[in-house]
Amino acid sequence: RRVLFRSVHTMNHTMNHTMDTKERFLYHSVGSHGENVFLSVFYIIVLVLSVPANAMALWVFCHPKNGSSSARVFLTHLALADMCYVLLLPMRVVYHASGGDWILGEAACRLSGFLFYLNLYCSLYFMTSISFDRFLAVVFPIRSLSWRKPAYAKVACAILWVTLTVSMAPVMASKQTMAIPLGVHN
């Protein structure tokens, strides 16, 4: 008897959270063939465009011609977080190309979920940091010069990475796939 595996992350986002476990199996739908093809193609396009763009952004931000700034530090870390997400897109392509069945195993599913959430929250906080940095530069242009140093931005980024990595660690420790017998999921 062959058994297919579904990502728990995907299932939780597509089902009503008030259903019990048996009802979740019976009502789960992985989407149409057209949806899976569209998402596979879309993710490939995003991958092809984003890897060189983020690599170029990282190179530019890491090789400044006229010194560093707090904004440049935050932008570097934002590009790094985006690169982490883009590099997990091949796993999403395989998932959708196989009709919504996670065939890469439990470890890859955990890593994929971990990197997804890590990128989501890191990107959010780095964009917030960039916005706050711009706010300080516009509203308090002279007074904020002592606060907006690259060294402080690097410390803030390190704190964000460590805090978010630790807070996302439970994703790596919890089971992320579940077996669904053939014929039950469609």
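Everything quoted here is computed from the prediction, not taken from an experiment.
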In terms of hydrophobic clusters joined by side-chain contacts under 4.5 Å, are Y85 and L120 together? yes
Is there a path of hydrophobic side-chain contacts, each under 4.5 Å between heavy atoms, that joins L136 and L145? no
E35 backbone acceptor or donor facing S32 side chain under 3.5 Å: yes
Using 0.5 Å steps for rounding, measure from the OG atom of S129 to the CZ atom of F135. 14.0 Å
Would V93 end up clustered with L49 when hydrophobic side chains under 4.5 Å apart are linked, directly or stepwise? no
Of the non-hydrogen atoms in R148 and R134, which two are nearest, and what is the gap between them? NH2-NH2, 2.9 Å
Backbone N/O of A97 and side chain of S40: donor-acceptor pair under 3.5 Å: yes
Heavy-atom distance under 4.5 Å between the side chains of S123 and L78, does that happen here? yes
Does the W161 side chain pair with the main chain of L164, one donor and one acceptor, at a distance under 3.5 Å? no
M91 side, atom CE; C109 side, atom SG - distance, nearest 0.5 Å: 9.0 Å
All heavy atoms of V73 vs all of C157, minimum pair found to be CG1-SG, 4.0 Å
Mind checking whether W102 and Y95 have parallel, tilted or perpendicular rings, split at 30° and 60°? tilted
Same cluster for F132 and L75 if Ile/Leu/Val/Met/Phe/Trp/Tyr side chains link at under 4.5 Å? no
Trace of the side-chain contact (heavy atoms from CB on, under 4.5 Å) decision for H77 with C122: CA-CA 8 Å; H77 286 271; C122 280; over 6 Å; no
Aromatic plane relationship, H96 with Y43 - under 30° parallel, 30 to 60° tilted, over 60° perpendicular: tilted
Which residues pass the salt bridge (charged side-chain N to carboxylate O under 4.0 Å, His left out) test with D82, sequence neighbours left out? none
Donor-acceptor pairs under 3.5 Å, side chain of residues 52-59 to any protein atom, not counting sequence neighbours: which ones?
residue, atom, partner, partner atom, Å
N54, ND2, S50, O, 3.2
W59, NE1, H63, ND1, 3.4

Determine the minimum heavy-atom distance between G100 and N36, stating which atoms define it. N-ND2, 3.9 Å
Spacing of CG belonging to L88 relative to CG belonging to L111, to within rounding of 0.5 Å: 7.5 Å
Let me confirm one number: the SG-CG distance from C84 to L115, rounded to the nearest 0.5 Å. 6.0 Å
Rest of the hydrophobic cluster containing I142 (Ile/Leu/Val/Met/Phe/Trp/Tyr, side-chain heavy atoms under 4.5 Å)? none
Heavy-atom check, side chain of L87 versus side chain of V51, under 4.5 Å: yes
Indicate the atoms forming the closest heavy-atom contact of T76 with R72, along with that distance. OG1-O, 2.7 Å
In this structure, CD1 of I44 is separated from CG of L47 (nearest 0.5 Å) by 8.0 Å
Taking all atoms of both residues into account, what is the closest heavy-atom pair of W147 and Y152, and its distance? O-CD1, 3.2 Å
OG1 on T163 to CE on M168, rounded to 0.5 Å: 11.0 Å
Is a side-chain donor or acceptor of T165 paired with a backbone partner of V162 at a separation under 3.5 angstrom? no
Joint cluster assignment, I159 & F126, ILVMFWY side-chain distance < 4.5 Å: no
Treating T128 as the side-chain partner and L124 as the backbone partner, does any N or O pair qualify as donor plus acceptor under 3.5 Å? yes
Of all the heavy-atom pairs spanning F114 and A169, show the shortest one and how long it is. CE1-N, 4.1 Å
